[in-house]
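Heads up: the structure comes next, in structure tokens.
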Amino acid sequence: MAQQRALPQSKETLLQSYNKRLKDDVKSIMDNFTEIIKTAKVRAGESLMKLVSDLKQFLILNDFPSVNEAIDQRNQQLRALQEECDRKLITLRDEVSIDLYELEEEYYSSSSSLCEANDLPLCEAYWRLDLDTDSADGLSAPLLASPEPGVGPLQAAAPAHSHTGGSGPTEHA
């Protein structure tokens, strides 16, 4: 009997070990299946993100009407800004021209009729330099001589400035 009992105990232990192995294997299969599902979800998420990125890139590269519309809108904004700048520059030019004309009128109508060499208008100082360099060639030496001792060289040679008939500053030819 002892043998009969030993045999069933051995069968029972064998069955218990089989049962334990079965539970461990089922648990391992379940863990592996869970990991496979997690990996599949991650891969599906990554695949979905890549698809969204590809769609955005396709839309950006191939959506010519909206790109052209954005370019046209920016061009209109820049043209409006350019026109505004042009108007401001023209207004500034006109204001400076009026102020310069008034300053020239004030300068030429001032009480001192004799100008020193340092008080020459910019255009006359330029002409004086030009005449000085020409005198080295001997071309305009008589124009530099002043008939009056107190008058500068250009006073006798240069015509008097008259701004009464013109609308702005005059240029010398």
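Remember, it's a predicted structure, so these values are computed and weren't measured experimentally.
In this structure, CG on D25 lies 14.5 Å from CE on M30, to the nearest 0.5 angstrom. The structure places CD1 of I36 at 11.0 Å from CG of D31, a figure rounded to the nearest 0.5 Å. For the atom pair CG of D99 and CD of E104, the computed distance is 11.5 Å after rounding to the nearest 0.5 Å. Distance check, rounded to the nearest 0.5 Å: CD1 of I37 to CG of N32 gives 11.5 Å. Atom CG of D72 and atom CD of Q76 lie 6.5 Å apart (nearest 0.5 Å). Atom SG in C85 sits 10.5 Å away from atom CG in L78 (nearest 0.5 Å).
Salt bridge R79/E83: absent, no basic N to carboxylate O contact under 4.0 Å.
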### Task
Please report the C-alpha distance between E35 and K38 in whole Å, then the side-chain angles of each, then the deciding distance to 0.1 Å, and finally whether the side-chain contact (heavy atoms from CB on, under 4.5 Å) criterion is met.
CA-CA 5 Å; E35 290 299 318; K38 286 180 183 177; 3.9 Å; yes

### Task
Could you give me the CA-CA distance, side-chain angles and deciding distance for Q16 and K20, then say whether side-chain contact (heavy atoms from CB on, under 4.5 Å) is met?
CA-CA 6 Å; Q16 285 177 353; K20 183 176 184 324; over 6 Å; no

### Task
Given side-chain contact (heavy atoms from CB on, under 4.5 Å), test E84 with R87 step by step and report yes or no.
CA-CA 5 Å; E84 181 183 349; R87 282 194 307 270; 3.8 Å; yes

### Task
Go through the steps to decide whether T91 and E95 satisfy the test side-chain contact (heavy atoms from CB on, under 4.5 Å), and finish with yes or no.
CA-CA 6 Å; T91 303; E95 290 174 2; 3.5 Å; yes

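Under 3.5 Å, the side chains of Q77 and R74 contain a donor-acceptor pair of N or O atoms.
In this structure, S97 contributes its side chain and R93 its backbone to no donor-acceptor pair below 3.5 Å. Side-chain atoms of N19 never come within 3.5 Å of backbone atoms of L15 as a donor-acceptor pair (strictly under, hydrogens ignored).
I60 approaches V67 most closely through the heavy-atom pair O-CG2, 4.1 Å.
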